[in-house]
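Working notes, structure below.
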Amino acid sequence: MRRPLIYLGVPVLVAVVLLLTGGVLGGHSRPAAAPVAAPTDRLADSIARAQDRLRTLPKDWRTWAALASAYVEEARVTANPTYYQKAQGAAQQSLTLHPDGNVDALVALGALANARHDFAGARDQARAALAVDGYSADAYGVLADAQTQLGDSAAATDAVQRMLDLRPGLAAYARASYDLELHGRTDDATALMRRALDAATDPHDIAFCRNQLGELAWQRGDVAGARREYTAGLAADATSVALRRGLAQVDAADGHLDAALAGYADVTGRAPTPGYLIEYADLLRLVGRPADAMTQLSLADAAVQLFTANGGVDGLATASLDLATGRAADAVTAARAEWARRQHVDVTDTLAWALHAAGKDAEALGYARRVAGTGARNASYAYHLGAIEAALGQRDAARADLTRALTTNPYFSPLEAPVARQLLTKVGS
Amino acid sequence: MARRSTGPSRTGRWLFVVGAALLGVLVLPAHPASAHPLGNFTINQYDGLTVHPDRVEVTAVVDAAELPTRQERPLVGGDPVGYAAKACRELADSFEVRASDDRLKWTVVSSSFAYAPGTGGLETSRLECALRAPARLDTPATVTVTNHYRTDRVGWREMTATADGVRLVDSPLSATSVSNELRAYPADLLSSALDQTRASFRVDPGVGASAGPAAVVTPRGSDPLSRITATAERRFQLLAGGHLTPLLAVLAVLLAILLGAGHAALPGHGKTVLAAYLAGRRGRPRDALAVGAMVTVTHTGAVLVVGLLLSVSTALAGDRLLAYLGLASGLLIVVVGGWMLVKSRRHSHHHHHHDHSHSHSHGKLSLAGIGLAGGLVPSPSALVVLLGAIGLGRAGFGVLLVLAYGLGMAGTLTAAGLLLLAVQRRMARAGWVARLATRLTPRGTRRRATGTTATAALVVLVGLGLTVRALAGAV
């Protein structure tokens, strides 16, 4: 009889089982003091994961490329350009390991080129990537950004559409929304950005969508709506510089000048880019502090100088700065050079405005009309066109365009909106 | 290292062990850019603490890049000495250190400020402050450090801590500065910028080696066995990625078998269930072999499927997937146990009419269930090897290694089963056990039924345990 023995084995087994399950259950308890990163920060999480993985598998070219793309994103989100160098290094590492047909690395380099304002370079990288893999949604994203900035509106729309077809989602919606905005379809752009917001879970993504929605509301002159979006965005990501700047802009429109000044001081402290510094200087001039405004403009000058010294070219920032400091001829030179490189609507508008400032209104009119021809609904563009027309004595056209500027967004610029009103009364009489 | 790069990843302990062990190996040459290495916007900070029995001293350095330096210039004016004193005072007021909840009151011992040439004809600047505060650290105390100084600015934020005359315990801070006090920033492509703004550690009286940041690097489960396995796993993963010669390939396969065997020897993997099953159902060596084969097939399949899913989708988190598979494995064991339980009850009521071959087919099903449960959860290291091999265009070799790994696992499980059967047989031969058992259980039929019921209950219990563990991991 062996059966009893089997039965007797049971108590022994009980002990074994208890020991093993005890070991299993106890062995996996997590250390209490583990510094676990916030689980919602998906970007930081994916960077940490890729870094971990590459320490183990340093030859994994796909992860090197993924890390490069994540670094570009991190630089955008944190406004820390250090990550551009890291992104470059990681993408090159990927290409060294796998030189042929490395779509991921080409896409990462393209995104990096876009971030560094080398839009032609980005376009070429995207095309090279698409030659290898014609179904890469990310490559179409890079191409769409590059073509948009280069001013090839048809090619940009096409790339956005391909991206939407291949992978509808946050990234495609956001790009499509901007494309619609540039074509003056502000309502459709808003609807699409709302869809993008619905798809967003990461705080940085939510902040991005809210900022775009705030911009769109602002362009319609909906100051309260813009404030709502910016505030909601800051609730998701309190560190966002772009949202803080939007709020400062809204504060200025509402007449809360002290709050606006404090906002801009914060923004330019954290991200002293020429654009923000020029806006801050405008506001300082408005409140009668020209000396402080000059300080900010000299800082903007230093920022442009640094950008140029590091091998970057940003004719748009240079021209804007020249305009803000009253150097019209320099502004024309810089804007012309930038326009030769790319015909984005902002560049065309800046060139027109620089020509107007230099007294070349006949030439300016051509560019300003070209801007209007894109259909973009932007108060500033309309004001520039109206002012140029007024200077040329075309009173009816000027009246129409100035009125359009002030009905689109009566607050479009703290300095220029009052000038537009004066000009309108002048041409209207 | 940075907050973002060292949080013990939830990817599983093996990945963590491997990641931590290789930390800092891959240092690439610095980028040849002439600009401030950390970007023109940055305000970078270093705070080095030295803890004494009666005081704390801090060396604070603020390295401002070109634009912040320019922004500060109006405040400096023509008086760098006065500016340095003022800035150091401000820094001291924002640098919060508490020793057992008492906030230290800093005295600025010295301060200095200097410009250095930067890019584009601009300058960078360097502020240095020496701070000192009395503190009673001759008895055990907890020190917490929180830096509030300009934390809204983009920049590198580094802290170090050393002790003189006391001992630091569980300090998360390094004893030396990786940036040489903001003079040379590491250009490692695999590390994010440091962002240390808070830390806490214990200070014990007495002199000795301070337990430094080793605590951060030491992986969980740092017993010798785990450490040896970790080393072996790292070799294994490097083998799959490195330059491959036939000899190396054979070595890698052998190593994979060994690792699989070692992996299966760790708790889990249904060994308990297998043992209980074999013991309770009077298993044969054939059953042990069957379970082993089943584990190999299931594990290889699971690794391949999960590996494929993970390499196709980036949105899918590997750790989550593993947790769900763990859950499925636990539930499967519960089902097998439940099945055995139902059958044993039925057996006890109708055992006269029971058809032997029928019972045998039930047994096969249960065995398959146990094998399935044992192999369902892919081992993270096997996954890493497969993904790595796919990434390197060596998918075939990766599959081979995973197969070898599964064979190793099967070997251990089969061996464990056979060992158990051998022990059982020995016990059967020992007469006293039989006598004892007979005395304890008067009637044979009930005895047998109760035995199977108890075994089945045990299997359910183990299954529940595994399910709870998987749930704890998944949530």
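Keep in mind that this is a model prediction, so the values were computed, not measured. Reckoned from all heavy atoms, side chains included, excluding hydrogens, waters and symmetry mates. Every chain is numbered from 1 and lettered A, B, ... according to where its sequence line falls, protein lines coming before strand lines.
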Requested in this report: Please check if the side chain of A:Asp138 supplies one atom and the backbone of A:Val107 the other of a donor-acceptor pair under 3.5 Å.
Outcome: no
If one checks every heavy atom of B:Leu122 against chain A at 4.5 Å, the contacting part turns out to be side chain
Engaged part of [X] at the chain B interface, taking heavy atoms whose separation is under 4.5 Å:
X: A:Leu299; answer: both
X: A:Tyr84; answer: neither
X: A:Ser298; answer: both

Salt bridge or not between A:Arg55 and A:Asp52? Use side-chain N to carboxylate O under 4.0 Å.
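So A:Arg55 pairs with A:Asp52 through a salt bridge.
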Residue set satisfying ring-ring contact (aromatic ring centres under 6.0 Å, His included) with A:Tyr280, at least two apart, ordered chain then number -> none
Please step through salt bridge (charged side-chain N to carboxylate O under 4.0 Å, His left out) for the pair A:Glu74 and A:Lys86, ending with a clear verdict.
-> CA-CA 11 Å; A:Glu74 181 76 6; A:Lys86 285 184 190 288; over 6 Å; no
